[in-house]
Each structure stands twice: as C-alpha cells, then as structure tokens.
Amino acid sequence: MRRLLALSLSLLLLLTGCAGTPQSRETGSTAVVSVLGVEPAGDGLRLLAAAEGRGEGDAFHCDSQGATPAAAVENLGNRGDQVVSCAHVEHLLVARTAAGALPEFLSYAFQEPQQSTESQLWLVRSDSLKETFAGEADPARRMEVIKAQGKNRQGFCPVTLREAAAALARGEDLLIPFLEPGDQGLSFGGFALYQEGTVTRWLTGKEALGAALLLGDRVHWTGSVQDRAMVLQSTGCRVSPRFEGDQLTGLSLRCSLEGVLTGGWKGREADVSHLEQETAQAMSAALKALQGAGADAASLLGRAGLAKPIRWQSLSSQWQEGFPVLPAEITVTITVAERQ
C-alpha cells in the first residue's frame, strides 16, 4: 500500500518542478493545486498556489519566488508536512505586469513531461494578484463559476497552455481572456490582445463579444428582442476573401446564431433584425480593434485560405500589408428555435 501511495503521489506532482515526494520522510497530506498565479518579484517571478478547501477544511494557500519559473516552482514543493502537488492545475492566472514572462513560463512548462497542457490560461487586469489570493478566501472555489462558463462557452473562448504555446511558436498574436477582481470575486472582463510579449489592448463590452464571435467558437450569451430576453448561441463564423482579379479587396464574414426566447414561445414570429444588426456591430468593432493593432488574432487569414485554397498564394502574399485596411462585409443571421 505504501508503495502504491508513493507511486500515486509521484504521478501527481507535475506542472513545474513540483518534482517528487521527498524520500527522507513520510509524506503528509497533499494539497492539489487547482489555481496557480504568476506575478513579478524583483528580477524573478512569484507563484501563488491555491488548493480547494475539502469538506470543512480551509482553503490551502502558499507562495514562492524564484529567478526562473523552474526555481519558483521548485520552492512550492514542500510546506512542512504538506506536499504541494501541481499535477492538476486547472487555471493559470498571470498578472498583467508578468505578461512578459509568459513565453518563458510556457517554454518551461512544456519541458515537463507530466505538465498538463490543457490548463486554462488567464490574464488578470491587475498589477498584482493580491486581491485574488488574499486572506481566507478560496480562489479555487471562486473559479467555479468561471470554470462553468468556460465549459459552456458563455461569452468567451478559453485558451489552453497548448494553444497559447502553439500561437507564440508561430509568431502569431493572441487573444487571451482576462479576469477582473472585484467585490464579488473574479469576473470575466473581456480579451487581452497579446503581441510580442506584452498586452497592447484590452477588448471589453461589445468588442469582447465581437472578438469571441470572430474566433468562431460556439459562445452563447443573452440578448433582447423587443421587451423579451433571448438566449443566443453562435454556430460559427465563416470567412471568405473577396478578389477583383488577383487583387484582394475585402472579406466576407457570415455568422450564424440560434436563439431561444426565454420562457419559450408558441410560434409567434420575433423580429430579430435589430439584434442581428447589434451583433454585426459588435463584430465590426472587434475587427477594427484588431486591424488597428495590425493583429490577426482571430486567425482570419487561415480561415479565408480554407474557403478559397486555390487563391492561397495571392491571399497570403497580400495579407500583411492589406489586413489593417481591408474592408469587411459582416452578415449575422439569427434563427429562432421553437420551444413549447
């Protein structure tokens, strides 16, 4: 049984250098980190770890510092008789002041064979994570609502460490969802536009919704038709390039949505044209923000190429110069589902 326990703990201790269980003593209780925070500390990094309080137990917090991600994680490993396991980190929160360390942290994480690359990556629109991990609050439980939203794609598209690392390795700009600390805990604030190691713009409100739709994921949210609320879910965004001869002249973006009036309805037609216009305007605002930054963070080039692969050479050769000023025709179509 002891051998089985040791093997189980060694498999759990992952993400970073939460290396192995010390052999010099009996292992105590294990705190399995589900939320890990990163903020700057002098010339290095400070990591803040939180594990859920189990049963009537209090939440577990600890922190460490190091000149590199590896050193900072190594210092998380043991707290007296407590073994700190980073094997199941579900959320990695990065303070905006630590955004420059993200490539280094991702590079380190991918050198660890046990690292979970499906951990969700978040930026926090704050200079430090003090409010997020302060006092007796349980940040792991605070994230439960955010976690549920991530699963249901409510208004944002979670980014995993794997997806972020792949984008940065290709030299691409990235839209990363960000959180804002407040009186009620953490809330989704929008998207951070991440370019060359720094955040160049925060997309909030309609821009954030538009960005989520541009990304093409199946996000859903609540809109209004006349005096009634409607639950909306996107079914994707199709991107097609427009040409005149060999000259790229614009983009066609077609977004399809499904809507259900709250409380159901009985075949009564609903005029959704105003809501379609509002949604198209949100997408247009997000696109203008990306074009203004020269950032194709919604991978529009690749998707336009898939729509017309025969035009790929002309499309790709004109994209970098043309994208910031490329006109776009955005069409939103809402189909109202009948529910009794």
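Values below: every heavy atom of this structure, side chains too, minus hydrogens, waters and symmetry copies.
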Check for a donor-acceptor pair, side chain of [X] on one end and backbone N or O of [Y] on the other, with a separation under 3.5 Å.
X: Ser316; Y: Trp312; result: yes
X: Asp296; Y: Leu301; result: yes
X: Asn75; Y: Ala71; result: yes
X: Thr235; Y: Ser256; result: yes
X: Ser317; Y: Gln313; result: yes
X: Gln318; Y: Ser314; result: yes
X: Ser299; Y: Gly302; result: no
X: Ser64; Y: Ala72; result: yes

Could you tell me if the side chain of [Y] sits less than 4.5 Å from the side chain of [X], heavy atoms only?
X: Ser119; Y: Arg162; value: no
X: Glu118; Y: Glu90; value: no
X: Arg254; Y: Ile330; value: no
X: Thr68; Y: Phe105; value: no
X: Val336; Y: Val260; value: no
X: Leu36; Y: Leu48; value: no
X: Leu326; Y: Gln291; value: yes
X: Arg125; Y: Thr204; value: yes

Do [X] and [Y] sit in the same hydrophobic cluster, where Ile, Leu, Val, Met, Phe, Trp and Tyr count as joined when their side-chain heavy atoms come under 4.5 Å apart?
X: Val159; Y: Leu161; answer: no
X: Leu306; Y: Phe243; answer: no
X: Val231; Y: Leu257; answer: no

Distance, nearest 0.5 Å, that separates [atom1] of [X] from [atom2] of [Y]:
X: Leu232; Y: Ser234; atom1: CG; atom2: OG; answer: 9.5 Å
X: Glu172; Y: Leu175; atom1: CD; atom2: CG; answer: 11.5 Å
X: Glu329; Y: Thr331; atom1: CD; atom2: OG1; answer: 4.5 Å
X: Arg303; Y: Leu215; atom1: CZ; atom2: CG; answer: 7.0 Å
X: Leu123; Y: Leu179; atom1: CG; atom2: CG; answer: 9.0 Å
X: Ile176; Y: Gln120; atom1: CD1; atom2: CD; answer: 12.5 Å

Parallel, tilted or perpendicular: which describes the rings of Trp319 and Phe323, with under 30° parallel and over 60° perpendicular?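 Aromatic pair Trp319/Phe323 classed parallel.
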
Give me the ring orientation class for Trp122 and Phe188: parallel if the planes are under 30° apart, tilted from 30 to 60°, perpendicular past 60°. perpendicular

Does a sphere of radius 6.0 Å around CD in Glu104 hold more than 12 heavy atoms from other residues, nucleotides or ligands, not counting ones at 6.0 Å or beyond? yes

Can you check side chain to side chain contact (heavy atoms under 4.5 Å, CB included) on Gln233 and Val219, steps first, answer last? CA-CA 6 Å; Gln233 176 172 297; Val219 298; over 6 Å; no

Provide the closest heavy-atom pair for [X] versus [Y] in the form atom of the first, atom of the second, distance.
X: Thr97; Y: Asp127; answer: OG1-O, 2.6 Å
X: Ala328; Y: Leu253; answer: CB-CD1, 4.5 Å
X: Ala286; Y: Leu214; answer: CB-CD1, 3.8 Å
X: Leu213; Y: Cys237; answer: O-CB, 3.4 Å
X: Ala282; Y: Lys206; answer: CB-O, 3.4 Å
X: Glu276; Y: Ile334; answer: OE2-N, 2.9 Å

If you apply the rule side chain to side chain contact (heavy atoms under 4.5 Å, CB included), what do you find for Trp202 with Arg96, and how did you get there? CA-CA 11 Å; Trp202 304 90; Arg96 65 181 176 185; 4.0 Å; yes

Run the numbers on Leu193 and Val199 for side chain to side chain contact (heavy atoms under 4.5 Å, CB included), then give the verdict. CA-CA 6 Å; Leu193 178 57; Val199 175; 5.7 Å; no

Salt bridge between Glu39 and Lys130, side-chain N to carboxylate O under 4.0 Å? no

Sequence neighbours excluded, every pair satisfying salt bridge (charged side-chain N to carboxylate O under 4.0 Å, His left out) that has a member inside residues 235-248: Asp246-Arg311

Give the C-alpha distance, both sets of side-chain angles, the deciding distance and a yes or no for side chain to side chain contact (heavy atoms under 4.5 Å, CB included) between Phe191 and Leu174. CA-CA 9 Å; Phe191 290 93; Leu174 188 62; over 6 Å; no

Between Thr200 and Gln195, is there a side-chain donor-acceptor contact under 3.5 Å, judged purely by atom types and distance?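 Side-chain D/A pair, Gln195 to Thr200: present.
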
